[in-house]
Structure formats: C-alpha cells, structure tokens
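Written out below as structure tokens is the structure these notes cover.
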Amino acid sequence: MNQFPLFVEAGNDHVASVLTVPEDNPRGVVITLPGTGRHDLIGSTMCAHLSQRLVERGLAHVRLDYAGVGDSPGLVPTWVLSDVGAASQQARAVLGVVTEALGVRRFVVVGACYGSRVALSLVSDPDCCGAVCLATPVLDHGGFARVSRAVGERTVFSYVRSHVALRRLAGPLRRTLKARKPAAGVVGAFDYLDRAAITFLYGRFPQEDHYNRQVREVLDEAVVKLPPERRERFELRMLQWGPLSKFDILPPEDKEEVLNVVLPLVDEAFEDVGGSPALGRPAASGVFHVVKP
Amino acid sequence: MPVDLERLRRQCRYEDPVTGISEEFLEHRLGPRGALAVLSAPVASALPRGWVISPGPDPGNLRRLETLLAGQLAASGFPTLRIRPDLHLVNGPVGEIDLSTRLAEADEAVSALTEASGVRSVGLVGALSGGIVAAMVADRLGSSELALIEPVTRGKRYMRETMRRQAIAELIASADGAASGNAAESEAPESARRPLEELAASGETWVRGLRLTSTEYDRIAAVDLARDMRAFSGRSLLIGISPSGFVSTELDKLRVHLEALGGDVTLEMLEDPLPAPFGEYPFRNAGPMRIDTRLELDQRLARVTTDWAGASLEAEPTEDGA
C-alpha cells in the first residue's frame with residue numbers, strides 16, 4: 001500500500017487530498033466525499049477508515065478536503081445544501097488527476113450528508129459505476145426559506161401584512177412555499193441507474209440523517225416511475241447503527257459494522273457495471289432493508 | 001498501464017501567485033505514526049525564522065484555523081510547517097487521544113522544518129490542547145518564540161471537562177433514543193454514564209470517537225504549564241478568547257509564570273460571542289444554509305498571531321544589518 005498526499009488545482013482552488021493505492025495496479029478508484037462536520041483527518045475519519053480496507057480489495061482510494069475546509073486553502077462562509085457546484089468541480093478535478101496517473105477510468109463514489117449530494121452529481125460521468133450515499137439529504141428547502149433568507153423574513157411578512165389582497169393569500173402561499181421539495185440533483189441522478197448502482201443508507205435516529213416520512217414518499221414516487229431494470233439498481237437501507245452523519249463519534253464496533261455494509265456495496269458496483277444488476281441485490285422500490293448484525 | 005508515480009509526486013506541491021506562497025506535503029513523515037507534514041513557504045525569499053503548528057492530543061475543529069495561520073505566516077515570509085496526524089500505513093487510522101505521539105511529532109517537525117527551509121530558529125504555535133504540545137516542546141528545545149491560542153494550561157481540568165462533555169453527549173444520545181420511542185436505545189451504556197469509571201476499570205474509554213487509555217489520561221492530567229515550563233524565556237504570545245474579554249485565571253497565571261522565567265509575554269484578549277465553544281463544531285443551520293460562525297474569529301486569530309510574529313523581526317537587527 002502506498003500513500004500520496006496531493007494538492008489538486010480546481011479552478012482557483014487547491015484541494016488537499018490523499019490517494020492510497022495497492023501494490024498492484026488498482027482495478028478501480030473509489031472517491032469518498034465528506035459532509036461538513038468535524039473532520040480530524042483529511043477527508044474525514046470515515047474516509048480514512050475506508051482507505052485501508054479498499055486498498056486491501058485492490059482498489060485505489062482518494063479522499064479530500066473541499067476548498068476552505070481543513071487543509072485546503074480558501075474561505076467559505078456558508079454552505080448551501082442545494083449548491084454543490086464548486087465541491088463537485090473539486091471532486092472531478094481530483095478524480096481527473098488520480099485516474100490519469102493510475103491509468104484507471106472506472107470509479108465509485110461514496111459520500112456522506114453534503115458529500116452524498118456531491119457524490120450524486122458525479123453519477124452522470126460515464127465512468128462512474130455507482131454511488132453509496134450515507135445520510136443523504138433528499139429534500140431541499142422550499143421557496144419561502146430561500147426568499148426569506150434573501151430579503152429577510154420580517155421584510156416579507158411586513159410587505160404581505162401591508163396589502164389586504166396579499167394578506168388573504170398569505171396562509172396558503174406560505175404553506176406551499178415552505179414545503180420541502182425533492183432536490184433535482186438527487187432525483188436526477190436516477191437517470192443514470194442504467195449503468196450506475198445507487199444505494200442510500202440511513203442509520204439509527206434517521207431524523208438526524210435527514211430522513212423522514214416525506215423523504216420515503218419522495219423516493220418511492222421517484223423509484224416507482226423507473227423501468228424495472230433501473231429500479232433494481234437503486235436500494236434504500238436502514239441500518240441500526242448511527243446516526244451515520246456522526247460516523248466520527250460512533251463507537252468503534254459500530255463504525256466497523258457500517259463499513260462492513262459500505263464495502264460490499266462498492267464491490268458490487270464495480271462488478272455490476274454495464275451488466276444486469278448484481279445477483280442478490282434486493283429490489284428497492286419502497287422496500288426498507290433493515291440490516292441487523 | 002503502470003502508475004505514473006512521477007506525476008503523483010509532483011502533485012504534492014502548489015504555488016499560489018496571488019498570496020505568493022507555496023504549500024507542499026513533505027516526504028518526511030513525523031513521529032511513530034507517520035503524521036503528514038505540510039510546509040507553507042513564501043515563494044520569494046524567506047525569513048530565517050520558521051514556525052511549527054502543533055495539533056493537540058484531541059485535534060478539535062482547528063484544522064482550518066491552522067491552515068489559515070500557516071498561509072498568513074508564510075505570506076509574511078515565515079516558512080511554516082503544520083503537523084497532520086493521518087492514516088498510518090500499517091496501524092490504520094489515527095483514533096487516539098495521545099499526547100506522547102503529538103510531542104514526538106512536534107519534536108521531529110522542528111528538525112524537518114529546519115532541514116526543508118534552512119531557517120535558523122523555529123517558534124511553536126498551538127491552539128487549545130495543541131498549546132500543551134507547543135509549550136512543552138518550546139520549553140524542552142529552548143525555542144525563542146511561542147504563540148498559544150486559548151491554550152489548555154492545566155491537563156487535569158481539561159481531562160475532567162473532556163470526560164464531562166463525553167458523558168453529556170452520551171446522555172443526549174440516549175435521550176434521543178427515548179424520544180424516538182426505542183426503550184433499548186434510551187438505556188445509555190454504562191461506559192457512557194461513567195467514562196471515568198470505565199477508564200479506571202478497563203484502562204481505556206472512548207471520547208468522541210477517539211480512544212483514550214488511562215496512561216495517556218494520567219499523562220495529560222499531570223500537565224500544568226504554569227509549573228512544568230522551566231526553561232522558556234523567549235517571546236511569547238498568549239491569546240485568550242471570551243465573549244466579554246475576561247482573562248481567565250489560568251491564562252493569567254501562565255503569563256505571570258512565563259514572565260517570572262524572564263520571558264517577554266504579550267497577552268491578547270479577543271472578544272467573540274462564541275456561538276459554539278472554541279474548537280467545537282462551528283456551523284449554525286439557517287434554513288437551507290449552514291453558516292460558519294468561526295470564520296471571522298479564525299481570521300482575526302491568524303492576523304493577530306502573524307502581526308505579533310512580524311513585530312519581533314522589526315525589533316531585531318538582521319544579519320546583514322538591513
């Protein structure tokens with residue numbers, strides 16, 4: 001096993017990343033994308049834990065700090081869940097350097113929380129074989145949240161209150177705008193299920209992993225519209241360890257259990273590419289798969 | 001197709017023409033667990049003094065601050081090396097609160113910086129528990145400069161506080177379990193309720209995902225910088241952070257101690273509302289946004305430290321008398 005810490009140029013940014021490669025030529029690359037939580041190590045603790053195990057399976061692994069996080073220079077005052085453009089560009093830049101240097105094109109992406117949104121933005125790449133997404137935020141905030149952030153909630157209220165006609169419409173309008181909606185980037189990734197497997201994992205205390213009844217309904221609705229061969233490449237699993245969004249502080253045995261779920265999914269994604277869905281992969285639409293030890 | 005090792009090795013460094021610095025992962029690994037070393041240096045000529053930034057046994061949410069500080073020190077002419085504990089090729093990911101290893105890394109970092117950049121003297125910087133590491137190494141090596149940001153000065157109090165926070169975190173988790181209607185989850189494990197007892201009984205416990213052995217607990221708890229620093233008589237900067245600007249008794253005690261050793265001490269208090277305790281998770285959710293509540297403070301800390309570091313050079317004549 002060899003390790004290469006890298007600074008990769010991505011637009012105006014430089015992204016600190018760590019590539020770990022097996023002794024022999026790797027059969028693929030796994031890129032892991034963290035959320036915005038506490039990260040003691042480059043690319044988060046979960047990403048570092050995965051490194052060794054992936055390399056033992058003959059895979060190269062790269063993890064990174066987004067610009068403005070950890071060891072990547074830059075200043076990012078706010079993170080917006082629905083805007084993964086810059087992070088996606090950084091991940092693509094890192095993948096570009098790594099796949100070129102290793103002479104390997106196929107990759108699988110593993111993301112957590114915000115990182116799973118970034119992960120799903122990479123699925124459109126023809127070389128992407130799959131995405132394993134932990135604690136994916138499926139819903140975006142509605143228009144009301146966006147408007148009130150932009151102009152200030154009080155300003156909106158004052159304006160509406162001062163107009164009789166608007167006042168009558170305010171209640172229903174607010175309810176409509178406040179409703180959280182499925183993120184285009186999440187549901188849009190399902191278009192690539194013909195060649196890339198996508199798995200969503202949520203943990204114990206699912207509400208802390210951005211999961212609730214509405215998420216389930218949105219996913220059910222999206223998946224049921226898919227043709228059967230695509231539907232079979234999507235899976236939703238509820239795990240009994242977690243919350244996955246707090247992987248860093250989970251007890252060591254729980255970390256191990258979560259990794260033991262992620263690793264076979266990565267393997268399956270590489271094996272499954274271009275063919276029919278891997279045998280034994282459970283159908284997904286609206287089915288919970290509760291994995292118990 | 002063979003791996004293009006040369007290309008990968010070239011990628012360990014970049015230059016930023018805007019700030020006039022370069023950053024590089026050194027090939028040299030530090031300490032018994034092979035921590036990464038990142039060197040930030042001015043692209044143009046460097047000053048003869050460098051800085052090592054030491055993380056603490058509990059790294060906290062401080063990597064961004066350390067990166068920012070390294071960049072600013074480098075932009076001011078100081079080669080600066082920051083230590084990055086990371087995945088060990090043999091032993092796996094770092095996951096321990098380990099003062100002994102952090103001290104060994106900082107010791108080696110001083111030599112690595114001297115070797116890589118040719119500086120003649122090296123100062124040390126540490127924030128929170130990294131302050132213990134920086135101060136102990138500066139004291140041992142006879143460094144001329146030391147900058148401590150909201151440092152932990154008494155290990156015993158720090159460890160007790162750490163264990164208390166762990167117990168509270170576990171209680172909250174178990175309350176969440178009860179709230180979600182799962183009786184089994186509402187029962188906090190014994191280890192969560194009494195991490196100190198678990199430490200005593202089995203010789204180890206887990207704090208925020210990091211392993212803590214009783215040996216390391218005792219080692220950290222035994223530290224009292226206002227007693228243990230015996231030789232350091234150089235320039236030092238002590239930065240405290242509080243919402244009111246109030247100087248803590250412990251920080252003031254350290255100031256008095258360093259002055260008694262003959263040091264030139266500057267104490268700076270930064271007022272900040274600290275929406276989250278310094279070193280903790282700094283983000284606040286606001287609708288669809290996650291706001292970094294510590295960005296401005298980190299920038300101020302980097303600026304104050306860099307200004308103070310630069311001020312020392314103004315007072316000193318350079319070798320060629322310029």
Side-chain angles (χ1 to χ4, degrees), chain A residues 1-9 12 14 16 18-21 25-26 36-42 45 48-49 51-52 65 68-73 75-82 97-98 100-104 114 140-141 145-146 148-149 204-205 207-208 247-252 255, chain B residues 1-9 11-14 16 18-19 23-25 36 38 55 58-61 63-64 66-68 71 82 84-87 89-90 92-95 169 173 176-177 180 182 185 189 191 206 208-211 280-281 283 286-292 295-296 299:
Chain A
M1 178 160 102
N2 294 304
Q3 207 179 46
F4 301 91
L6 315 166
F7 279 113
V8 174
E9 194 174 339
N12 293 325
H14 288 92
V18 178
L19 169 68
T20 313
V21 295
N25 283 354
T36 54
R38 168 185 164 137
H39 300 313
D40 298 342
L41 311 177
I42 292 175
T45 307
H49 274 80
S51 272
Q52 216 168 14
D65 284 338
V69 174
D71 283 285
S72 295
L75 299 172
V76 182
T78 55
W79 294 83
V80 182
L81 197 52
S82 56
V97 166
V98 165
E100 207 175 299
L102 298 180
V104 177
Y114 176 82
D140 268 343
H141 282 259
R146 283 200 300 275
S148 58
R149 288 294 149 205
R204 194 169 74 142
F205 310 133
Q207 67 279 10
E208 288 197 38
F247 181 91
D248 287 30
I249 58 169
L250 294 181
K255 282 182 180 155
Chain B
M1 182 179 156
V3 173
D4 187 349
L5 294 174
E6 196 43 48
R7 165 134 201 221
L8 291 174
R9 290 199 182 103
Q11 289 285 158
C12 71
R13 182 180 188 276
Y14 78 93
D16 181 356
V18 178
T19 55
E23 290 206 295
E24 177 181 4
F25 285 102
L36 296 166
V38 188
D58 174 0
N61 259 293
R63 284 202 298 136
R64 195 265 311 281
E66 292 166 355
T67 300
L68 196 58
R82 60 185 190 271
R84 285 293 172 255
D86 200 82
L87 169 72
L89 290 177
V90 178
V94 172
D176 283 348
S180 63
N182 188 332
E185 285 167 354
S191 61
W206 292 82
R208 299 201 287 191
L210 302 171
R211 182 169 168 260
E280 296 295 320
Y281 183 69
F283 291 100
M289 289 193 293
R290 192 164 277 190
I291 298 171
D292 188 336
L295 188 63
E296 197 190 323
Q299 289 175 292

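In the text below, chain A, chain B and the rest are named by the order of the sequence lines, each starting its count at 1. The structure displayed is predicted, hence computed values, not measured ones.
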If you count heavy-atom pairs within less than 4.5 Å of chain B, which of [options] leads?
options	result
A:Asp40, A:Leu250, A:Val69	A:Asp40
A:Asp65, A:Val18, A:Leu19	A:Asp65
A:Ser51, A:Pro251, A:Pro77	A:Pro77
A:Leu81, A:Val21, A:Thr36	A:Thr36
A:Val98, A:Val104, A:Asn12, A:Ile42	A:Ile42
A:Pro73, A:Pro26, A:Ser72	A:Pro73

Side-chain heavy-atom pair [X], [Y] within 4.5 angstrom cut-off:
X	Y	answer
B:Arg7	A:Glu100	yes
A:Leu75	B:Leu68	yes
B:Asp16	A:Phe7	no
A:Val76	B:Asp292	no

Structural part of [X] lying under 4.5 Å from a heavy atom of chain A:
X	value
B:Ile291	both
B:Glu24	backbone
B:Pro55	neither

Sort out for me which of [options] touches chain A most, counting heavy-atom pairs under 4.5 Å.
options	answer
B:Glu296, B:Arg211, B:Arg290	B:Arg290
B:Glu280, B:Arg82, B:Gln11, B:Arg63	B:Arg63
B:Asn61, B:Val3, B:Leu8	B:Leu8

With rounding to the nearest 0.5 angstrom, report the [atom1] to [atom2] distance, [X] to [Y].
X	Y	atom1	atom2	value
B:Trp206	A:Lys255	CH2	NZ	6.5 Å
B:Phe283	A:Thr78	CZ	OG1	9.5 Å
A:Asp71	B:Leu36	CG	CG	8.5 Å

Handout entry: Partner set under salt bridge (Lys or Arg N to Asp or Glu O under 4.0 Å) for B:Asp58, not counting sequence neighbours
Key =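 B:Asp58 satisfies salt bridge (Lys or Arg N to Asp or Glu O under 4.0 Å) with A:Arg38, B:Arg208 once adjacent residues are dropped.
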Problem - Considering all heavy atoms, the nearest A:Leu6-B:Phe25 contact - result: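 Closest approach of A:Leu6 to B:Phe25, heavy atoms only: O-CE1, 3.5 Å.
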